[in-house]
Q: 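Following this message is one structure expressed as structure tokens.
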Amino acid sequence: MIHTPTSTFAEFAATLRPQVDAALSRLTTFDAGCPPTLGESIRYSLLAPGKRLRPLLALAAAQACGGSIEEAMPAACAVEMIHCYSLVHDDLPAMDDDDLRRGRPTNHKQYGEGIAVLAGDALLTLAFETLARLQPAETAVRCTTELAHAAGAARLIGGQADDLAQEGKVPGALPAVDRSPAESLALLESIHRRKTGAMLLVSLRLGALAAEADDLRLAALDEYGTRLGLVFQIMDDLLDVRGTEDQMGKRVGKDAARGKLTFPGLLGVEESLRRAQALTAEAVAALGPLGNDAEVLEDLARYVVERNH
Ligand code: GRG
């Protein structure tokens, strides 16, 4: 068994996070057509200290499929751009109304709502420009199509819309109290499969596509990514109950305060944790066809279930 120097996720992340940050910085160096305040606001959120989980998933998937980090880097940056746009828009008063993100004031608190909306729009657009420039053109088309679907109305945006509805922010939507516990759990899983899971899954797929992975490897990554997405969200809900603001770089305890649908709220803390652990074991088992090349992804699954921020 070959152990590369980057066989653990911690080593992999420590080496590659600075490379992702440098690539994101290069890609957001705009020409004179971009007003300085807009450019600053885009970089303020994009280059803020996030975990870079989605780009690292893309790079780890590329590595697990025998591809190079260099070739997968534009796809890795594109998924972080979409993720960051979604955070900037989610923090707006019309959505989750947050004032702290990645340990800093949210974009609209710093630059005003108008510029925050535009910074999100610019990140969304730039993600697709970045993918459209990929070579070969076939990879560009496939990656662009898959990311557009994952970020679109039936995935990320649809999940967010249902989340707004269950919080009572969409006129005429069915209030949470009118559902049985089983219906609530099904809705919660469906929201998170679309809102959180689809972006984690497409991050893996884009990395694999940049590495020209075969269908067997893509199918294994799908099995892994679907479970990882759910574990990530269960842990996010648990951290909202158990984490501190300093650890998380954002407000905590908000979900319960707003009566939000959450895994610990529906299943309790112990059962949520048990589910997250069982799903992690399944995710790791799904990596079988990738063999030793998937060591970083295997370790990453453990990081997600054990994370404290
Ligand atoms: C506005 C279309 C639109 C969608 C917003 C991302 C999102 C959807 C909402 C954010 C709220 C939230 C708690 C989402 C689920 C979990 C999640 C995506 C957390 C943030 O991701 P991390 O922890 O953040 O990877 P960093 O800052 O480390 O990148």
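First listed ligand is number 1; within each ligand, the first listed atom is number 1.
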Q: Would you say that Tyr85 contacts Leu126 through its side chain, given a criterion of any heavy-atom pair below 4.5 Å between the two side chains?
A: no

Q: May I have a table of the N/O to N/O pairs between ligand 1 and the protein that fall below 3.5 Å, each row giving the two atom names and the distance to 0.1 Å?
A:
residue, atom, partner, partner atom, Å
ligand 1, 21 (O), Arg54, NH2, 3.3
ligand 1, 23 (O), Lys51, NZ, 2.6
ligand 1, 25 (O), Arg54, NH1, 2.8
ligand 1, 25 (O), Arg54, NH2, 3.4
ligand 1, 27 (O), Arg102, NE, 2.8
ligand 1, 28 (O), Lys51, N, 2.9
ligand 1, 28 (O), Lys51, NZ, 2.8
ligand 1, 29 (O), His83, NE2, 2.8
ligand 1, 29 (O), Arg102, NH2, 2.8

Q: Looking at every heavy atom in both Val170 and Ala161, which two are closest together, and how far apart are they?
A: CG2-O, 4.1 Å

Q: With heavy-atom distances below 4.5 Å as the criterion, would you say the side chains of Phe12 and Leu297 are in contact?
A: no

Q: Taking the side chain as C-beta and beyond, is there a heavy-atom pair between Arg274 and Glu270 under 4.5 Å?
A: no

Q: Considering only heavy atoms from C-beta outward, does the side chain of Lys51 approach that of Tyr303 to under 4.5 Å?
A: yes

Q: Can you tell if the side chain of Leu124 reaches within under 4.5 Å of the side chain of Met81, non-hydrogen atoms only?
A: no

